[in-house]
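Quick caveat, the model's predicted, so the values are computed rather than measured. So that the names make sense, note that chain A is the first sequence line, chain B the second, and so on, each numbered from 1. Keep in mind that the numbers below use all heavy atoms, side chains included, and drop hydrogens, waters and symmetry copies.
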Amino acid sequence: MARLTPAELLAGPVLEVAPRLLGARFHHAGVTLRLTEVEAYAGPDDPGSHAHRGPTPRTRVMFGPAGRLYVYFTYGMHHCANLVCGPEGEASAVLLRAGEVVAGRDLARERRPGSSDRDLARGPARLCRALALDLAQDGADAAGWLEPADPPVPPEAVATGPRVGLRRAADRPWRFWLAGEPSVSAYRPAAVRRPG
DNA sequence: TCTCAGATTCCCT
DNA sequence: GGGAATCTGAGAG
């Protein structure tokens, strides 16, 4: 099978794109990651997606063309990054949940002092920190930062399961990760908030 | 292993 | 105005 271009990698239904991103390399700000865990978000029809209620100032990037980076800020201190995929207006995206640092490890360590190598990009907010991604990159064209897996990851190496941290539509098995990878984030169901 | 606080943004009422 | 948010790190047991 011929090697895909980044644009081809991100074309098509999000449930096909997400597993294809596993093993791909993502470069930014001097650090290169090999993606080991992603989650699919399928636009307005997906109650778990930020795009569920239509475009807002925050989510407008998701409704744009494939290949853009959607970065959002949450919990007052964390950033998370998604790759927009599929046709423009569909608002489907893939959340980058975890990766293994394969180049620029010293830089990643500086950005995440005290973390073990395994934890450098283990979790969506940690991944953004290691890659120095924040709101300045929201809407940026990420195709140039992406290098498809070569050779592609075989389907039997991909595991699936429910998405993490969602209250709505949490049962959809749209999380994809490389089986046996130590850099995959631990599964944690959505936190239950107690009254008071 | 489990629980909880943290600090900002966005969106709904 | 208020509650929830695609989470993380620290501290207790």
Can you check the A:F73 CZ to C:dT8 C1' distance for me, whole Å? 13 Å
Can you measure A:R122 atom CZ to C:dC7 atom P for me and round it to whole angstrom units? 14 Å
Could you tell me whether the side chains of A:R122 and A:S183 share a donor-acceptor contact shorter than 3.5 Å? no
Of the nucleotides C:dT8, C:dG9, B:dC11, which one has an atom closest to the side chain of A:R112? C:dG9
So if I apply the side-chain contact (heavy atoms from CB on, under 4.5 Å) rule between A:L69 and each of A:D138, A:D141, A:L133, which one comes out positive? A:L133
Verdict with reasoning, A:E147 to A:R25, per salt bridge (charged side-chain N to carboxylate O under 4.0 Å, His left out): CA-CA 5 Å; A:E147 188 182 323; A:R25 279 152 208 257; 5.0 Å; no
How long is the line joining OH of A:Y72 and C1' of B:dC11, in whole Å? 15 Å
The residue, A:T59 or A:T74, whose nearest nucleotide of DNA chain B is more 5′ is A:T74
So what does A:R129 hit on the nucleic acid, given a heavy-atom distance under 4.0 Å: a base, only sugar-phosphate, or nothing? nothing
DNA chain B base-pair string [pairs: Watson-Crick or G-U under 3.5 Å; |: paired with another strand]: ||||||.|||||.
Rounded to whole Å, please give me the gap between OH in A:Y75 and P in C:dA4. 11 Å
Applying a 4.0 Å non-hydrogen cut-off, can you work out what A:G114 is touching in the nucleic acid: base, sugar-phosphate, or nothing? nothing
Once you round it to whole Å, what is the distance between C1' of B:dC11 and CZ of A:R60? 16 Å
Taking CE from A:M62 and P from B:dC10, how many angstroms apart are they, rounded to a whole number? 15 Å
Nearest heavy-atom pair of A:E181 and A:T36: which atoms, and what distance? OE1-CG2, 3.7 Å
Do we get A:R163 above A:Y41's six-membered ring, with its NZ or CZ under 6.0 Å from the centre and within 45° of the axis? yes
Distance in angstrom units between A:D119 CG and C:dC7 C1', rounded: 14 Å
Give the rounded distance in Å between these two atoms: CZ of A:R126 and C1' of C:dC7. 9 Å
Classify the ring geometry of A:F73 against A:H79: parallel below 30°, tilted from 30° to 60°, perpendicular beyond 60°. tilted
Is there a continuous path of hydrophobic side-chain contacts, each under 4.5 Å between heavy atoms, that joins A:L9 to A:W177? no
Is the phosphate of B:dC12 approached by A:R53 (side-chain N or O, under 4.0 Å from OP1 or OP2)? yes
